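Everything numeric here is computed off the predicted structure, so don't read it as measured data. Any value given below was found using the heavy atoms of this structure, including those in side chains, with hydrogens, waters and symmetry copies removed.
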Amino acid sequence: MASSTSCLNLFVFSFLSVLLITKSQISGSVNGVVFPVTRDLSTGQYVAEIRLGDSYEPVNLVVDLSGTLLWFDCSSGHISTSRSLISGSSSGCLKAKAGNDRVSSRGDQNGDCDLLVRNGVVGITARGELATDVLSYGSVASQGTVDLLFACAPPLLLRGLASGAQGVMGLSKAQISLPSQLAAETNEPRRLTVYLSPSNGVVSTRSVEDVFGAAAARSLVYTPLSTTSSGGYLINVKSIRVNGFMLAVNGTLSAELSTLVPYTTMESSLYAVFADAYVKAAASNAKSVAPVAPFGLCFTSTSSSDFPAVDLALQSEMVRWRIQGENLLVDVGGGVQCLGIVDGGSNRVSPIIMGGLQLEGFVLDFDLGNSVMGFGERTRSSLDSFRQEAL
């Protein structure tokens, strides 16, 4: 995409995210919130910008689809006089406890609500405090602020996050995740629209039609959506095909969708079957070369079109998620391209974890109320539709 288009798109997203008016203007017509998202080149993580508190300063948060809540380092220089801690006896503290396996609470009836907050990038936890502040947002139709619960976490939890990130935006189905809180505040259905891109991505609690237009919404294909015990979003995988040929895999698989993993991972035994099939399928047009870490399969070829596509059949063989081209290959230089699907090791809870590279360029509609997810490739016209509506 041309740089001028990307810049304009980022301007629109930033404009939408900084609008601030009084809460009395919120009504049933408010149809969600839009946050701009970019990819950090060093880590491959996706970073969203929000406006939290009365200081009008942005807070940059790493997007985590399986995160149970929003948390950030409140000592990082972000000052807000409207921020306050939540007591252990409050309804907010009870929400943090309810049905949440990854965030445990030690609320004190006479003190603050303490939480064990998790950094899913490096797998560490630390104790934080539940707090509340105002989230500022806007759309073309209406603007407003909502009271948002989040955790103030210690600086050590920032380890492994993208440079400049001050915390994590949790987007799971948990009661105090961002989509759950915003749905409750705006009286809208609980849903999440995600579009990942290096420079002009978006996370929104608006519908796909609101964000990208009716044509984009009609183009989506839907598949059942469930969750892992840790809160991650899970889709069924009936079969895997390489260049149209089905892999010999026993039983139904599943794939977790992750914004913290840059490349798709497969459990070791599954990856061995997949890698063997892929090398054979690519042999006629591409030459295998020594792998470049972290990749296990690398090739030389004159064109990315020489590489076989990978299809994931979901609830049936008629519903397929195709991975090809830029969603499949990583250019590591020297004329070498590596497959962005890697060995994830043994004893994985999910045999497949779909990483950011494979999710980029797809519009994802998480209809959390109906436990289904729509997916479809975003077209240039759908982006233009959103930009014109916003302006």
Side-chain angles (χ1 to χ4, degrees), residues 37 39 43-46 62-67 120-121 170-173 192-198 201 203 220-242 247 249 251-271 273-275 277-278 294-297 307-315 319-330 338-345 348-368 371-378:
V37 175
R39 172 161 41 92
T43 62
Q45 297 165 15
Y46 298 89
V62 171
V63 175
D64 183 2
L65 282 176
S66 63
V121 174
L171 299 177
S172 74
K173 294 177 69 174
L192 180 66
T193 295
V194 176
Y195 172 71
L196 300 180
S197 161
V203 165
L220 299 185
V221 177
Y222 283 82
T223 189
L225 182 70
S226 57
T227 57
T228 67
S229 59
S230 58
Y233 293 113
L234 205 64
I235 57 176
N236 290 328
V237 176
K238 189 176 182 65
S239 69
I240 303 173
R241 292 176 181 265
V242 174
L247 301 187
V249 179
T252 300
L253 303 171
S254 62
E256 181 180 348
L257 310 181
S258 175
T259 48
L260 300 184
V261 177
Y263 310 111
T264 289
T265 66
M266 292 183 177
E267 188 274 330
S268 291
S269 61
L270 175 61
Y271 180 78
V273 175
F274 167 80
Y278 199 90
F295 308 105
L297 295 178
F307 291 89
V310 176
D311 289 302
L312 303 181
L314 305 184
Q315 68 265 38
V319 180
R320 297 185 185 180
W321 188 322
R322 170 157 289 191
I323 305 170
Q324 62 185 347
E326 293 182 353
N327 289 109
L328 183 62
L329 300 166
V330 180
C338 297
L339 209 65
I341 299 177
V342 301
D343 188 339
R348 306 289 300 189
V349 174
S350 301
I352 304 171
I353 298 180
M354 291 187 68
L357 179 66
Q358 284 67 45
L359 300 180
E360 281 194 2
F362 287 87
V363 175
L364 305 178
D365 175 21
F366 295 86
D367 184 344
L368 304 181
S371 296
V372 295
M373 184 196 73
F375 64 98
E377 289 189 83
R378 191 221 69 197

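- Among L253, V273, D311, the one residue that satisfies the side-chain contact (heavy atoms from CB on, under 4.5 Å) test with I240 is L253.
- You'll find the side chain of F375 stays beyond 4.5 Å of the side chain of I235, heavy atoms only.
- Remark: the backbone N or O of L357 is paired with a side-chain donor or acceptor of N327 at under 3.5 angstrom.
- With sequence neighbours left out, the side chain to side chain donor-acceptor pair (under 3.5 Å) criterion links S371 to no other residue.
- Under a 3.5 Å cut-off, the side chain of S258 and the backbone N or O of M354 do not form any donor-acceptor pair.
- The closest side-chain heavy-atom distance from W321 to L359 is below 4.5 Å.
- Put simply, the side chain of V194 does not reach to within 4.5 Å of the side chain of V37, judged on heavy atoms.
- In terms of the side chain to side chain donor-acceptor pair (under 3.5 Å) criterion, residue partners of R241 (sequence neighbours excluded) are, by chain and number, E317.
- Every ring-ring contact (aromatic ring centres under 6.0 Å, His included) that Y233 has, sequence neighbours left out, goes to F366.
- Judged by distance alone, with hydrogens and angles left aside, the side-chain atoms of Q315 form a donor-acceptor pair with the main-chain N or O of Y222 at under 3.5 Å.
- S350 is listed as a side-chain neighbour of L234, based on a closest heavy-atom distance under 4.5 Å.
- At distances below 3.5 Å, at least one donor-acceptor pair connects side-chain atoms of Y278 with backbone N or O atoms of P308.
- Partners of Y271 according to the ring-ring contact (aromatic ring centres under 6.0 Å, His included) rule, which considers only residues two or more places apart in sequence or in another chain, do not exist here.
- You'll find the side chain of L196 stays beyond 4.5 Å of the side chain of R39, heavy atoms only.
- For the side chain to side chain donor-acceptor pair (under 3.5 Å) test, residues two or more places apart in sequence or in another chain that qualify with S197 are N200.
- Under the salt bridge (Lys or Arg N to Asp or Glu O under 4.0 Å) criterion, D343 pairs with no residue, sequence neighbours left out.
- S254 and E256 share no side-chain donor-acceptor pair at under 3.5 Å.
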